[in-house]
Amino acid sequence: MSAPCQQPAAPPAASVPPLPPPPAARRPAVDWRIRFAALSLIWGFSFLLIKVGTQGFAPFQVTLGRLLAGTAVLAVAMAMRRERLPRSARTWGHITVAAFFLNALPFSLFSYAELTIPSTLAGICNATSPLWGMALSMVALSEDRPTRRRVAGLGVGFLGVLTVLGAWQGFSGLDLPGTGMALLASFSYAVGWIYVRRTLAGTGSSTLTLTGSQLFIGTLQLAVVTPVFTSAPDTFPLLPTLSVLALGALGTGLAVLLQYGLVQEVGPTTGQMVTYFIPVIATAAGVALLGEQLTWNTPVGAVIVLAGAALTQSRPSAAATRTRTAGDGTKHLSRT
């Protein structure tokens, strides 16, 4: 699933201070392709882990456990790298808003959604984040100018959503509240990324520091909400407990560190490509391990969604950029 403060293609564009270049003398012991595959698997299996977790715990409890485990992993990483927490109250205020839209709200919505919808559908809904993000960025970010390709990608992507949902059948057999919550979770990622991009860029804090701080605040938010809406669990069934711990430690903690390193080593363009593998792995895991049913429109719609998302993230050629810049008589280079 989408990481809090470093963007795969779906949660939309990277919006925190640029990562510093990796030291030239130090090369990771594990090849980046292996780490890329591991990240794809971890995030792809996250939806299965949510489904299993909700079989033993309330959705808010799944989210709280996930955030606790993820925060613990990043706290250790920050201590080892001697990262300093932000000191500005203003920065902490922005982090609090980001934690709500990028962690507390979407994580909880996905947990509630998977009470009634398959993990495969939740994984595909997650892939709509770049579509929401592009639509919002054209309104909220003046430098994100719409292009024909990006607008076409938006249309193609939402056509894929309608295909997944079986719109021509009147959405029969579809759990609308659960699906709506999964789509709202993806929309929340987009809102959060727009907010982060407008408020936390240039704060002077590293991506790891901002991410760790964000998860910590998200944990506090869930720690306040969870006791109000749930009671303490009487038992801790083994499989759901392990699923929640894995979801947090791997999907919310280790995955962030893997992506952090990938972006440093191979750049954000390659690093964000992991997003396109997530729904594929989520679908395969749900069908193979949970026995979820799959109709033809689900994978076909997922492919259309990913194609649309890819178009919204594509960049124009250098020649096209120069032509457009010369044509409008400005020095501004469009960013897509």
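In what follows, residues are counted from 1 in the order of the sequence shown.
With sequence neighbours left out, Phe158 forms a ring pair (Phe, Tyr, Trp, His ring centres under 6.0 Å) with Trp132. Looking at residues two or more places apart in sequence or on another chain, you find no side-chain hydrogen bond (donor to acceptor under 3.5 Å, both in side chains) involving Thr96. Under the side-chain contact (heavy atoms from CB on, under 4.5 Å) criterion, Ile281 pairs with Ser40, Leu41, Phe45, Phe277, not counting sequence neighbours. Scored by the side-chain contact (heavy atoms from CB on, under 4.5 Å) test, Val224 finds no partners at all (sequence neighbours excluded). Shown here are the side-chain hydrogen bond (donor to acceptor under 3.5 Å, both in side chains) partners of Thr71, two or more places apart in sequence or in another chain: Thr219. In this structure Arg82 satisfies the salt bridge (charged side-chain N to carboxylate O under 4.0 Å, His left out) test with no other residue, sequence neighbours excluded. Applying the side-chain hydrogen bond (donor to acceptor under 3.5 Å, both in side chains) rule to Arg33 yields the partners Asp31; only residues at least two apart in sequence or on another chain are considered. Taking the side-chain contact (heavy atoms from CB on, under 4.5 Å) definition, one finds that Thr209 meets it with Met78, Glu83, Pro86, Ser205, Ser206, Ser213, sequence neighbours left out. Every residue two or more places apart in sequence or in another chain was checked for a ring pair (Phe, Tyr, Trp, His ring centres under 6.0 Å) with Phe100, and none qualifies. With sequence neighbours excluded, the residues forming a ring pair (Phe, Tyr, Trp, His ring centres under 6.0 Å) with Tyr112 are Phe60, listed by chain and number.
Evaluation of the ring-ring contact (aromatic ring centres under 6.0 Å, His included) test over residues 278-311, restricted to residues two or more places apart or in two chains, returns Trp168-Trp296.
The shortest side-chain heavy-atom distance between Val97 and Val196 does not fall under the 4.5 Å cut-off. In this structure, Leu208 and Leu257 have side chains that are in contact, with non-hydrogen atoms separated by less than 4.5 Å. Here the side chains of Leu136 and Phe187 are in contact, with some heavy-atom distance below 4.5 Å.
Judged purely by atom type and a 3.5 angstrom limit, Ser188 uses its side chain to pair as donor or acceptor with the backbone of Phe101. Of the possible polar contacts, one joining the Thr63 side chain to the Pro59 backbone as a donor-acceptor pair under 3.5 Å is found. In terms of modelled atom types and a separation under 3.5 Å, the side chain of Gln61 and the main chain of Ala58 share a donor-acceptor contact. When atom types are taken as modelled, the side chain of Asn297 and the backbone of Thr163 share a donor-acceptor pair closer than 3.5 angstrom. A donor-acceptor pair is defined here as one N or O able to donate and one able to accept, closer than 3.5 Å; no such pair exists between the side chain of Thr91 and the backbone of Arg87.
Smallest separation of non-hydrogen atoms from Val62 and Val244: O-CG1, 3.8 Å. The shortest heavy-atom contact between Ala302 and Val164 is N-CG2, 3.6 Å. Taking each heavy atom of Gly286 and Thr120 in turn, the nearest pair found is CA-CG2, 3.9 Å. Residues Ala38 and Leu258 come closest through the heavy atom pair CB-CD1, 4.4 Å. In this structure, Ser129 and Ala190 approach most closely via the heavy-atom pair O-CB, 4.0 Å. The two residues Pro130 and Ala309 make their nearest non-hydrogen contact at CG-CB, 3.5 Å.
At a threshold of 4.5 Å between side-chain heavy atoms, the hydrophobic network of Ile, Leu, Val, Met, Phe, Trp and Tyr places Leu67 and Val76 in two separate groups. Note: the hydrophobic cluster containing Leu48 does not contain Leu245 (ILVMFWY, side chain heavy atoms under 4.5 Å, direct or indirect links). The cluster map of Ile, Leu, Val, Met, Phe, Trp and Tyr, joined by side-chain heavy atoms under 4.5 Å apart, puts Leu159 and Met134 in different clusters. Both Leu184 and Leu176 belong to a common hydrophobic cluster when Ile, Leu, Val, Met, Phe, Trp and Tyr are linked at side-chain heavy-atom distances under 4.5 angstrom. Note on Leu85 and Phe216: same hydrophobic cluster, where clusters join Ile, Leu, Val, Met, Phe, Trp and Tyr whose side-chain heavy atoms are under 4.5 Å apart, directly or indirectly.
Atom CE of Met181 is separated from atom OG of Ser186 by 13.0 Å, given to the nearest 0.5 angstrom. The distance from the CG atom of Asn103 to the CZ atom of Arg66 is 8.0 Å, given to the nearest 0.5 Å. Note that CG of Leu250 and OG of Ser46 are 8.5 Å apart. Values are rounded to the nearest 0.5 Å. Between atom CD of residue Gln264 and atom OG1 of residue Thr207 there is a gap of 8.0 Å, rounded to the nearest 0.5 Å. Atom OG1 of Thr179 sits about 5.0 Å away from atom CD1 of Ile117, to the nearest 0.5 Å. To the nearest 0.5 angstrom, Leu64 atom CG is 12.5 Å from Phe107 atom CZ.
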Stepwise side chain to side chain contact (heavy atoms under 4.5 Å, CB included) test for Trp43 and Leu39 = CA-CA 6 Å; Trp43 273 339; Leu39 182 58; 3.8 Å; yes
Between Phe47 and Phe110, does a ring-ring contact (aromatic ring centres under 6.0 Å, His included) hold up when you go through it step by step?
-> CA-CA 8 Å; Phe47 298 95; Phe110 272 123; 5.5 Å; yes
Carefully, step by step, assess Glu292 and Ser119 under the rule side-chain hydrogen bond (donor to acceptor under 3.5 Å, both in side chains).
-> CA-CA 8 Å; Glu292 295 178 346; Ser119 65; 3.1 Å; yes
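Cluster partners of Leu238, using a side-chain heavy-atom cutoff of under 4.5 Å among ILVMFWY residues and allowing indirect links, are Leu242.
Among Leu210, Ile95, Leu74, the one residue that satisfies the side chain to side chain contact (heavy atoms under 4.5 Å, CB included) test with Leu215 is Leu74. Here the options are Leu102, Thr128, Ile194, the test is side chain to side chain contact (heavy atoms under 4.5 Å, CB included), and the partner is Tyr189; only Leu102 passes.
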